[in-house]
Amino acid sequence: MIPKNHPRYESLMTRELIVEGVEKGITSMHGLIAQGRGEAFDYLIGEKTTESALMAEKVAAAALLLAKKPVISVNGNVAALVPSEIIKLSGLVNAQLEVNLFHRTEERVNKIIQHLRSLGAKNLCTKSDALIPGLEHDRGKVDSSGIFSADVVLVPLEDGDRCKALVDLGKTVIAIDLNPLSRTAQCATITIVDNITRAVPNISKFAEKHKNRNEKELQKLVKEFDNKKNLANSLLWTEPHFVYNQLRNFPI
Ligand code: PTJ
């Protein structure tokens, strides 16, 4: 049992969710390693949403609301960390949810679908009747009425190959990845360098606020967003003064 006053309470509780995900058969063992890598990058940004991440979250919410057919891709880590939050977001932006796994087994796909359904998800794409061209691995298996025909796809915690393949198909790809140097982060249309546990609720908050804005305002937000520039701002932690301040303020 982790006491609530532990200085690293939130980070440790997030680890617990991933471990529980593995125990339930939702998350793959590799998901533990991915979480560890994410934690290291989160540590560098002070485990807080940066200004550049917030900007990307605002633009992502606009892109999802403007989409004709938005789809949110769910993997084993997403299902363990933010299942209810992702269901809420899908309702707010009228997006479908599709389970898409790198280490794919039919058993795990079905467990994740059941998990999401038990939490109230209704808008799930469950077929795997189409293939993303150019992808050799199982992430290429998608639903023809879901990711395959979507115009905007949210891909949290992704591997770079599929992100590039989706961009090559002309889709707007929104990535959530704490590593700003990853291939996914580099090739997505809108890159959110933030922990998924903060990013998804933030996108939902922006989606709620954007409902009071007209379409033109949302289009302007998306059009004026410069992903490369925003991504460069996500590398603040490489600056010595930033690291120095982090060390002074961080609960170790
Ligand atoms: O469930 P599956 O089979 O689809 O597998 C999912 C994982 C995540 C294991 C798989 O996609 C994978 O191996 O991903 P990678 O290549 O390790 O990339 C995951 C990326 O997500 C890395 O760049 C991490 O820094 C980042 N990441 C990890 N945890 C978080 C994160 N980004 C945001 N929030 C996190 N909590």
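Counting starts at 1 for both ligands and their atoms, following the listed order. Model, not experiment: these values are computed from the prediction.
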Indicate every side-chain donor-acceptor pair of residues 90-98 with a distance under 3.5 Å to a residue at least two apart or in another chain.
{"from": "S90", "atom 1": "OG", "to": "I87", "atom 2": "O", "distance (Å)": "2.7"}
{"from": "S90", "atom 1": "OG", "to": "N123", "atom 2": "ND2", "distance (Å)": "3.3"}
{"from": "E98", "atom 1": "OE1", "to": "I147", "atom 2": "N", "distance (Å)": "2.7"}
{"from": "E98", "atom 1": "OE2", "to": "D143", "atom 2": "N", "distance (Å)": "2.8"}

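Considering only non-hydrogen atoms, atom 21 (O) of ligand 1 lies nearest to L157 out of I26, L157, V74. Nearest to atom 10 (C) of ligand 1 by heavy atom, out of R139, E158, E39, is R139.
Below 3.5 Å of separation, one finds no N or O of L101 facing any N or O of ligand 1. For ligand 1, the polar-atom distance check finds an N/O of H103 within less than 3.5 Å of one of the ligand's N/O atoms. Between S28 and ligand 1, no N or O atom pair is found at a separation short of 3.5 Å.
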List the steps, then state whether salt bridge (charged side-chain N to carboxylate O under 4.0 Å, His left out) holds for R162 with D138. CA-CA 10 Å; R162 188 176 65 137; D138 278 345; over 6 Å; no
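Listed by number with element, the atoms of ligand 1 under 4.0 Å from a non-hydrogen atom of G76 are 1 (O). Proximity to G31 (heavy-atom distance under 4.0 Å) selects the following atoms of ligand 1: 9 (C). Using a 4.0 Å cut-off to heavy atoms of D194, the atoms of ligand 1 that qualify are 33 (C), 34 (N). Short contacts between ligand 1 and L81, defined as distances under 4.0 Å to a heavy atom of the residue, involve ligand atoms 36 (N).
In this structure, atom 8 (C) of ligand 1 has protein heavy atoms in its sub-4.0 angstrom surroundings.
Counting only heavy atoms of the protein, atom 32 (N) of ligand 1 lies nearest to L178 N, 3.2 Å. Protein heavy atom nearest atom 26 (C) of ligand 1, with residue, atom name and distance: D177 OD1, 3.3 Å.
Taking the side chain as every heavy atom from C-beta outward, N100 and K141 never approach each other to under 4.5 Å.
Using a 4.0 angstrom heavy-atom cutoff, D42 does not count as in contact with ligand 1. Within the structure, ligand 1 has R108 among the residues with a heavy atom less than 4.0 angstrom away.
With K88 contributing its side chain and P83 its backbone, the two residues share no donor-acceptor pair below 3.5 Å.
Below 30°, between 30° and 60°, or above 60°: for H137 and F102 the angle between ring planes is above 60°, a perpendicular geometry.
Applying the side chain to side chain donor-acceptor pair (under 3.5 Å) test to R37 and every residue at least two apart in sequence or in another chain returns nothing.
Taken together through direct or relayed side-chain contacts under 4.5 Å among Ile, Leu, Val, Met, Phe, Trp and Tyr, I203 and V74 form part of one hydrophobic cluster.
Within 6.0 Å of CD in Q186 there are more than 12 heavy atoms belonging to other residues, nucleotides or ligands.
No side-chain donor from either of T27 and N77 sits under 3.5 Å from a side-chain acceptor of the other.
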